[in-house]
Protein chains: 2
Amino acid sequence: MLKYQAIKEGLKKQIQQGVFKVGDYLPSESDLCTRFSITRTTVRKAMEELLKEGYIEKQQGKGSRVRERQTSLGLLTVKGFSEAVGQNIQTEFLQKPVLSVWTSEILFPVSDHDKTEQCLFFERLRMVDNLPVVLERNWFSGAVLPDFLKTQFVEGSFFKTLSRKYLIEVIGSSQELRAERAENHFAEVMQMESGTPVLHISIRFVTNNPQLTIYSELYCNTKKYPVGNSYFL
Amino acid sequence: MLKYQAIKEGLKKQIQQGVFKVGDYLPSESDLCTRFSITRTTVRKAMEELLKEGYIEKQQGKGSRVRERQTSLGLLTVKGFSEAVGQNIQTEFLQKPVLSVWTSEILFPVSDHDKTEQCLFFERLRMVDNLPVVLERNWFSGAVLPDFLKTQFVEGSFFKTLSRKYLIEVIGSSQELRAERAENHFAEVMQMESGTPVLHISIRFVTNNPQLTIYSELYCNTKKYPVGNSYFL
DNA sequence: TAGTGGTCTAGACCACGGT
DNA sequence: CCGTGGTCTAGACCACTAG
């Protein structure tokens, strides 16, 4: 194992396990140098990677601080979601996590390995001011998530739960987008007129555990809240 | 100016101007060290940035090679576009670049500065097997693009033209997505039934020239060809 | 003023690709 | 075998933040 990799993984694990919490400062670079008997170059390489992967932010003169990880995975978010503080946002479980089956609703091809495992499923409705905005349906293998069905979500977030309780991180994603008509069942749940255009987002999340891939199908009413993203070098 | 910045900008300019072409190898790191009387660390920092910005790719044992720049800006592409070699892809100008006006069709707010400048516009239709897939409408200030209306597109690409002829690079983007009904005019151009869902993508491209922002509105028929992207750490 | 991250020097050895 | 990029050492000085 390369030295900078070891430092990086060590720090990452401590962040994930909560030894360093969001907002905490990591030991300074010179601290780490003496502590592990290595040079600044090596320490800085490790920190550089943590920065690139979204775990920390640096400030000259102050230090490196753990931040709420945002993968910057080119993912789309509902505009006005989470950032819009004044908004009245609710999340409602239409189906809490249960044992289910691999279904053809999943538009990305399910891997042969996944097909041989049990399939877990849950479904949520995201609302702004009591208006349904996103219907979110998720499927994934439960093989590497012991006791997931009995687990409480960390801060209401699926991905935080994977990170804190199972040390699983999302390391990649593929998305496909389609404009479709809201059909009977969806139209009703989403409180849309049947036949209204709905934005259908299919996502495959790849994690650092090769046994866990997450398949999500999102249905968005973009009338009042378009989805979007930004990216700057 | 920092040394690594100077090296980086120098190499970047030479790449943009075609001194180093796609596929060419840049001088080796030790070459650059002696040539500019600096150390490996500094050269490597410069190369690192060029890598991150998508200008080069590195191979241990061989060297650093200029590659076709792909910004990895979290942008969406039509699935099967450009990668699908067997496909029969055409691009048709519905409107070649002309002097136009800032219109309310642009969903992102047009900056006050842009509003005071002349507005250029062009419109293209992308087709696969003679089936319209994307209608693309673009607006931007012509202030910093002398003779743009008389300019031929480099390899049929707007962005390559900006890069090669004006040394302007896209450094960021914001996107918004909406599912809408194809209305009369669009439905006709796109050869879709009126009222069919269409994916509307609004993009604001930010460039390294503060005077140039590009506003694009794309309308996609996702029935056969969904749009999408992938991202991996 | 002390401590932090940012830049830079001048070396060394290694892993990889091609001759 | 040589040249390439990848890792690492042991220093130095600078720019920024805060007490």
Side-chain angles (χ1 to χ4, degrees), chain A residues 1-15 19-69 72 171 232-233, chain B residues 1-15 19-69 72 171 232-233:
Chain A
M1 177 72 119
L2 298 171
K3 287 195 181 181
Y4 82 87
Q5 290 269 11
I7 302 295
K8 170 186 152 192
E9 294 305 326
L11 288 171
K12 192 193 285 190
K13 186 158 282 184
Q14 291 188 78
I15 291 170
V19 179
F20 299 114
K21 295 180 181 57
V22 171
D24 288 355
Y25 283 92
L26 295 184
S28 76
E29 296 180 353
S30 45
D31 259 26
L32 293 169
C33 289
T34 56
R35 220 184 282 190
F36 296 102
S37 303
I38 54 179
T39 52
R40 277 275 304 285
T41 314
T42 309
V43 168
R44 282 182 65 77
K45 174 82 173 167
M47 304 290 267
E48 191 82 12
E49 302 252 311
L50 290 177
L51 180 71
K52 214 165 44 180
E53 293 181 21
Y55 287 95
I56 62 170
E57 57 193 351
K58 301 199 212 177
Q59 277 176 277
Q60 193 175 32
K62 295 188 75 175
S64 299
R65 194 165 41 172
V66 178
R67 73 168 197 184
E68 195 62 67
R69 189 177 174 228
S72 81
I171 58 171
F232 293 90
L233 284 182
Chain B
M1 178 72 116
L2 297 172
K3 287 195 182 181
Y4 82 88
Q5 290 268 13
I7 302 294
K8 170 185 152 193
E9 295 304 327
L11 289 171
K12 192 193 285 189
K13 186 158 283 185
Q14 292 188 76
I15 290 170
V19 180
F20 299 114
K21 294 182 181 56
V22 171
D24 287 355
Y25 282 93
L26 294 184
S28 76
E29 295 181 353
S30 45
D31 259 26
L32 293 169
C33 289
T34 57
R35 220 183 282 190
F36 296 101
S37 303
I38 52 178
T39 52
R40 277 277 301 288
T41 313
T42 308
V43 168
R44 282 182 65 76
K45 174 81 173 168
M47 303 292 265
E48 191 82 10
E49 302 252 312
L50 289 177
L51 180 71
K52 213 163 48 178
E53 293 182 19
Y55 288 95
I56 62 170
E57 56 193 351
K58 300 199 210 177
Q59 278 176 276
Q60 193 175 33
K62 295 188 76 176
S64 299
R65 195 164 42 171
V66 178
R67 71 167 199 187
E68 195 61 67
R69 189 178 176 229
S72 82
I171 59 170
F232 293 90
L233 283 182

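The structure presented is a predicted model; accordingly, all values stated were derived computationally and were not measured. Naming: A, B, ... by sequence-line order, numbering from 1 per chain.
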I need the B:Gln14 CD to B:Lys21 NZ distance, nearest 0.5 Å. 11.5 Å

Working to the nearest 0.5 Å, report the span between CG of B:Leu50 and CD1 of B:Ile56. 5.0 Å

Hey, can you pull the residues of residues 39-51 of chain B with a non-hydrogen atom under 4.0 angstrom from DNA chain C? B:Thr39, B:Arg40, B:Thr41, B:Thr42, B:Lys45

Boundaries of the DNA chain D segment in contact with chain A, non-hydrogen, under 4.0 Å: D:dT7 to D:dA18

Under 4.0 Å from any atom of DNA chain C, heavy atoms only: list the residues of residues 4-12 of chain B that qualify, in numerical order. B:Tyr4

With a 4.5 Å limit on heavy-atom distance, are the side chains of B:Leu26 and B:Met47 in contact? yes

Need to verify one output field. Residue with the more 5' nearest nucleotide on DNA chain D, A:Ile38 or A:Lys62? A:Ile38

Are B:Glu53 and B:Lys12 ion-paired here, with the side-chain N under 4.0 Å from a carboxylate O? yes

For B:Arg40 and B:Val43: C-alpha separation, side-chain torsions, deciding distance, then whether side chain to side chain contact (heavy atoms under 4.5 Å, CB included) applies. CA-CA 5 Å; B:Arg40 277 277 301 288; B:Val43 168; 5.6 Å; no

Take B:Asp24 and B:Ile15, measure what side chain to side chain contact (heavy atoms under 4.5 Å, CB included) needs, and give me the verdict at the end. CA-CA 10 Å; B:Asp24 287 355; B:Ile15 290 170; over 6 Å; no

Is there a side-chain contact between A:Ile7 and A:Ile38 in this structure, where contact means two heavy atoms from C-beta onward sitting under 4.5 Å apart? yes

With side chains defined as the heavy atoms from C-beta onward, is the minimum distance between B:Ser64 and B:Tyr55 less than 4.5 Å? no

Which one is paired to C:dT7, where only Watson-Crick or G-U wobble pairs with both distances under 3.5 angstrom count? D:dA12

What do the steps show when you test B:Lys13 against B:Lys8 for side chain to side chain contact (heavy atoms under 4.5 Å, CB included), and what is the final call? CA-CA 9 Å; B:Lys13 186 158 283 185; B:Lys8 170 185 152 193; over 6 Å; no

Relative to the 5' end of DNA chain D, which residue comes earlier, B:Leu26 or A:Met1, by the nucleotide with the nearest heavy atom? B:Leu26

Could you please spell out the steps behind the side chain to side chain contact (heavy atoms under 4.5 Å, CB included) verdict for B:Arg44 and B:Tyr4? CA-CA 8 Å; B:Arg44 282 182 65 76; B:Tyr4 82 88; over 6 Å; no

